[in-house]
Asks: 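First the structure, which I've put down as structure tokens, then a few questions once you've had a look.
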Amino acid sequence: MHFEWTEEQRMLHKMMREFADEVVAPGADERDRTKQFPVEIFRQMAELNLLGLPFPEAYGGAGADYISFAIVVEELSRACASTGITYSAHISLGGAPLALFGTEEQKQRYLTRICTGESMGAFGLTEPGAGSDAGGTQTTAVFEGGEWVLNGSKCFITNASYARFLALTAVTDKQKGTRGITAFIVPTDAPGLTVLDNYEKLGLHSSNTTELIIDNVRVPDENILGKRGEGFKQFMVTLDGGRIGIAAMAVGIAQAAYDRALRYARDRRAFGQSISKFQAIQFKLADMAMQIELARNMVYKAAWMKDNGRKFTKEAAMAKLYASEIAMAATHQAIQIHGGYGYMREYQVERLFRDARLLEIGEGTSEILRTVIAREIGC
Ligand code: COS
């Protein structure tokens, strides 16, 4: 066992650190205020061949591993969590199901466009009545006149306004329960598909999150992703990978909160000394440093298991659960250390606090993740 990055991972980390500090961080606060999607950042990331990072070179990807993906997500999120979630969803929810379950033709047609950035990646699972109970999908697909006709709606869909197509789930065989759910690749300009306006959210303001209305949308049989009836399982497998991305985001946000809190604590003086000299502040910072270290190790372990073809459902759930909870704690304590200034927008820790909150909900709430872990340990 060793704890070293490979040479490629080290170089990627160095590049992403610079990119995050020089390109992503400077406009993060402004984008948060104006809710501006980071289009220019993604244009530059396409040039750096980052938009298909873990996908095979045959489809325009970089053929990198998932630890590399985690490195990129962490660094982006340290600078701007909205950019981090946009990238994480693009790869792990948008591209991954195509790479994992697509036919050769589907990969050539769709995955290649994810890798170039011609389309942002998105996927449609959640519905107004099917969130944690993802098997409660109400959207239907009926085979009619040689085509599938889809009806229903999807909500909280990341990147949908910037996606040319997305994979979404629909019930094809109601009596079969979760085995009657099928995934379809649906172009976002298909007649009958409406992508509604960006939601008003607590945080992650410059990421895109929308609702889809699916009204008699017709797609050919060849647009089934994988096999009929396997959509639920495919999306569960996809979410296992997605949770590594959310966990890496959480580490990035926690790291940013810690960096800012440590800097502030050293600079700020009270009672004749720097507040970093007070044990009350030191203990907060020591806990943050330890928790970030542990969370990052958990992210890397889950990614390593995925890279090595091991089952990683439990490890991804644990990493996502732990990292999201320590990101919340770290951002909370970062505000506390900043005192009144922490509550002000100018110091940016309040943005980190707002952005972190989603991570305990998206891609499996903390409660669902505890359920997943409990099942995996044989409860
Ligand atoms: N990997 C592979 N297969 C999986 C799986 C996984 N991680 N999780 C479930 N499955 C399979 C099961 O093995 C089962 O297969 P069989 O039909 O062959 O028996 C099938 O999928 C149904 O699983 P299960 O019976 O566990 O389904 P439930 O309806 O009980 O749902 C939970 C299970 C709660 C875990 C699931 O609904 C879930 O993850 N919900 C959260 C969804 C989520 O994260 N949404 C956020 C999306 S934000 S983009």
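Remember, it's 1-based here, ligands and their atoms both numbered in the order they're listed.
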Asks: Could you tell me whether Glu104 atom CD has more than 12 heavy atoms of other residues or ligands within 6.0 Å of it?
Replies: yes

Asks: Do Tyr199 and Phe156 have their ring centres less than 6.0 Å from each other?
Replies: yes

Asks: Specify the closest pair of heavy atoms between Arg31 and Thr83, including all atoms of both residues, with the distance to one decimal.
Replies: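 Looking at all heavy atoms of both residues, the shortest contact is NH2-OG1, 3.8 Å.
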
Asks: Counting neighbours of CZ on Phe278 that are heavy atoms of other residues, nucleotides or ligands and sit closer than 6.0 Å, is the number greater than 12?
Replies: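 Yes.
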
Asks: Can you list every protein residue that has a heavy atom under 4.0 Å from any atom of ligand 1, sorted by chain and residue number?
Replies: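 Contacting ligand 1 under 4.0 Å are Leu93, Phe123, Thr126, Gly131, Ser132, Ala134, Thr178, Arg179, Phe232, Lys233, Met236, Val237, Leu239, Asp240, Arg243, Thr313, Glu363, Gly364, Ile368, Val372, Arg375.
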
Asks: Distance-only criterion, 3.5 Å: show the donor-acceptor pairs between side-chain atoms of residues 180-190 and protein atoms not counting sequence neighbours.
Replies:
| residue | atom | partner | partner atom | Å |
| --- | --- | --- | --- | --- |
| Thr182 | OG1 | Thr172 | OG1 | 2.6 |
| Thr182 | OG1 | Gly229 | N | 2.9 |
| Thr188 | OG1 | Ala163 | O | 2.6 |
| Thr188 | OG1 | Arg164 | O | 3.1 |

Asks: Nearest 0.5 Å please: distance from the NZ atom of Lys314 over to the CZ atom of Arg375.
Replies: 15.5 Å

